[in-house]
Amino acid sequence: MSSSADFVSARERFQPIIETITRASREFEHDPALVRSIVQDLKTAGLGRVRLPSKLGGYGASLKQSFTLLKELATADSNLPQIFRAHFAFIEGRLRHSHKSAEWFDRIRDGALFGAAMAERSDETGVSTQLSSDGQEYRLNGTKYYSTGTLYADWIIVWAAEGEQRAHVLVPSEASGVTRIDDWDGFGQRLTGSGTTVFDNVLIAPTQILDRSEPGNIPAHSYLAAYYQQFHLAALAGISAAVLRDAIDFVRPRTRTFGVPGKVIQREDSVVQGVVGRLSALAFSTSALVDRVSDALTEAEPAWLRGDTESVTFSEAEEAAFKAQQIVIDQTLEAANLLFEVGGASATSQTRNLDRHWRNARVLSSHNPAAQRRRELGDLALNDTPLWTPYREGLKKNLSKEPA
């Protein structure tokens, strides 16, 4: 997918919103209604159709353009890219099956936002949410957790068990029997709409069943797995940039250097300059790594769109995302912690809410187990063992325990 002049002009619509978010973001946790208003502004401006081709009414952004925009959005507030994560990934999946996605492309063009309800709480990997049929109609029953973006969404993407298969189902968020609960209690990324979603005998039309797969298959293709990870990497890189911004904003007006008697212009203090210099390097590094993963995804994109299931570019993109994750996490957490070295105790004021950067980075870093992926990368380098091998083996082991 080539770059689009439509996207270049559309970015002008996003910049005032991003500037508003930057000014207001430290208040978001105290007033969640602000976030709902911002999400609506982003939807109205067309963020949800950034990756939709121009011929389908979208902005036709390239992968790299879209992730550059998402980094900027994350610099303003890291909750926002995560709210749109499932929506963007849904579009990537539909682009591969564009011949049977016209209805959904129309909804996206008209402003519909998609959230996800995939995860369940169980001892082992499995799906207990059930899609059943009496021969006349389908019904959906079950409970999902960590339903990112769903509180803001018009449609919910659900994995459900259907006999021996898994069904990929789309559910209107306001449908009868759907209950969305705002109970995500993480200490960071508090506003991502990642609560509980309950489906109680929800009527499902056949057209709402996107596809079916065997339960032994990994739910997300390696291309989409890398794409999902890239969202977290872009958000983390945005946090690194926000830390640098906030450190500069904190230091420039100050005239008193902490820990030193007398009045000194803080921005001329060598210790402070050293800290800010390190923060600038960390922001540069994390952003560059995200761009490298965007490049790897771009290399894999043609094979993805033509339905090639065996292209080596998929595993290369996923390997790039796994490797970048190892570095971006550590560097972003370092930056978020180092921020407080420029201001002493005054930097810990709750009115500044600078601790949100560390809290958000720590939660984002916890979503996918970096320690497990580090081991897998080592196994790949030493033994040529494909990534996801432990997951596949665990999935097969648990198939017999999954409800029929």
Side-chain angles (χ1 to χ4, degrees), residues 85-87 89-105 107-108 112 114-150 153-181 194-225 227-228 307 309 388 391-404:
R85 181 174 179 243
H87 176 92
F90 175 68
I91 292 174
E92 290 302 308
R94 290 302 90 203
L95 289 173
R96 191 179 194 182
H97 302 287
S98 57
H99 60 287
K100 56 180 180 180
S101 301
E103 174 188 353
W104 305 109
F105 289 153
R107 293 182 187 278
I108 292 165
F114 290 74
M118 306 287 194
E120 298 186 8
R121 289 176 178 167
S122 61
D123 293 336
E124 297 164 340
T125 301
V127 176
S128 62
T129 298
Q130 296 289 309
L131 179 68
S132 58
S133 173
D134 60 5
Q136 301 294 322
E137 58 188 21
Y138 291 93
R139 295 284 177 173
L140 183 68
N141 288 277
T143 301
K144 298 287 189 176
Y145 302 92
Y146 315 120
S147 308
T148 302
T150 294
D154 304 293
W155 288 82
I156 306 171
I157 308 161
V158 184
W159 277 110
E162 184 188 19
E164 297 297 320
Q165 295 183 310
R166 284 184 178 178
H168 198 191
V169 182
L170 296 177
V171 186
S173 60
E174 299 290 343
S176 177
V178 175
T179 303
R180 294 174 288 172
I181 305 169
S194 301
T196 301
T197 308
V198 180
F199 302 98
D200 182 10
N201 211 34
V202 180
L203 180 64
I204 302 296
T207 55
Q208 292 170 231
I209 303 172
L210 278 183
D211 51 54
R212 295 174 171 89
S213 65
E214 297 303 316
N217 294 337
I218 291 179
H221 185 280
S222 58
Y223 174 85
L224 285 180
Y227 186 86
Y228 272 116
T309 59
W388 288 101
Y391 185 92
R392 288 189 180 92
E393 291 175 349
L395 206 55
K396 291 176 182 177
K397 184 188 300 183
N398 294 331
L399 287 182
S400 61
K401 302 175 183 180
E402 201 167 283

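Quick note: numbers below take in every heavy atom, side chains included, and nothing from hydrogens, waters or symmetry partners.
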message: Consider side-chain contact (heavy atoms from CB on, under 4.5 Å). Of Ile181, Thr196, Thr179, Thr197, which one does Thr143 pass it with?
response: Thr196

Which atom of [X] lies closest to which atom of [Y], heavy atoms considered:
{"X": "His221", "Y": "Thr309", "answer": "NE2-O, 4.3 Å"}
{"X": "Ala89", "Y": "Leu224", "answer": "O-CD2, 4.1 Å"}
{"X": "Val127", "Y": "Ala161", "answer": "CG1-N, 3.5 Å"}
{"X": "His97", "Y": "Gly93", "answer": "CD2-O, 3.3 Å"}
{"X": "Pro172", "Y": "Val178", "answer": "O-CG2, 3.9 Å"}

Do the side chain of [X] and the main chain of [Y] share a donor and acceptor less than 3.5 angstrom apart?
{"X": "Arg94", "Y": "Phe105", "answer": "no"}
{"X": "Arg166", "Y": "Ser213", "answer": "no"}
{"X": "Glu120", "Y": "Thr129", "answer": "yes"}
{"X": "Arg180", "Y": "Gly195", "answer": "no"}
{"X": "Gln208", "Y": "Ala205", "answer": "yes"}
{"X": "Gln130", "Y": "Ser128", "answer": "yes"}
{"X": "Lys144", "Y": "Ala116", "answer": "no"}
{"X": "Asp200", "Y": "Gly177", "answer": "no"}

Between atom [atom1] of [X] and atom [atom2] of [Y], what is the distance when rounded to the nearest 0.5 Å?
{"X": "Phe90", "Y": "Ile108", "atom1": "CZ", "atom2": "CD1", "value": "5.5 Å"}
{"X": "Met118", "Y": "Thr150", "atom1": "CE", "atom2": "OG1", "value": "9.0 Å"}
{"X": "Ile209", "Y": "Ile204", "atom1": "CD1", "atom2": "CD1", "value": "7.5 Å"}
{"X": "Asn201", "Y": "Asn141", "atom1": "CG", "atom2": "CG", "value": "5.0 Å"}
{"X": "Leu210", "Y": "Trp104", "atom1": "CG", "atom2": "CH2", "value": "6.5 Å"}
{"X": "Leu131", "Y": "His168", "atom1": "CG", "atom2": "NE2", "value": "12.5 Å"}

field: Residues that Phe199 engages under ring pair (Phe, Tyr, Trp, His ring centres under 6.0 Å), provided they are two or more places apart
entry: none

task: Could you pull out all residues at least two apart from Arg96 that satisfy salt bridge (charged side-chain N to carboxylate O under 4.0 Å, His left out)?
output: none

Under the side chain to side chain donor-acceptor pair (under 3.5 Å) test, which residues partner [X], sequence neighbours left out?
{"X": "Ser194", "result": "Thr148, Thr192"}
{"X": "Tyr223", "result": "Glu92"}
{"X": "Ser173", "result": "none"}

query: Residues two or more places apart in sequence or in another chain: which of them pass side-chain contact (heavy atoms from CB on, under 4.5 Å) with Ala112?
result: Arg107, Phe114, Asp154, Trp155

- request: Decide yes or no for Tyr138 and Val169: does some side-chain heavy atom of the first lie under 4.5 Å from some side-chain heavy atom of the second?
  value: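 In short, these two side chains do not touch, never coming nearer than 4.5 Å.
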
query: Do the non-hydrogen side-chain atoms of Arg139 and Leu203 ever get within less than 4.5 Å of each other?
result: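 Counting from C-beta outward, Arg139 and Leu203 do come under 4.5 Å.
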
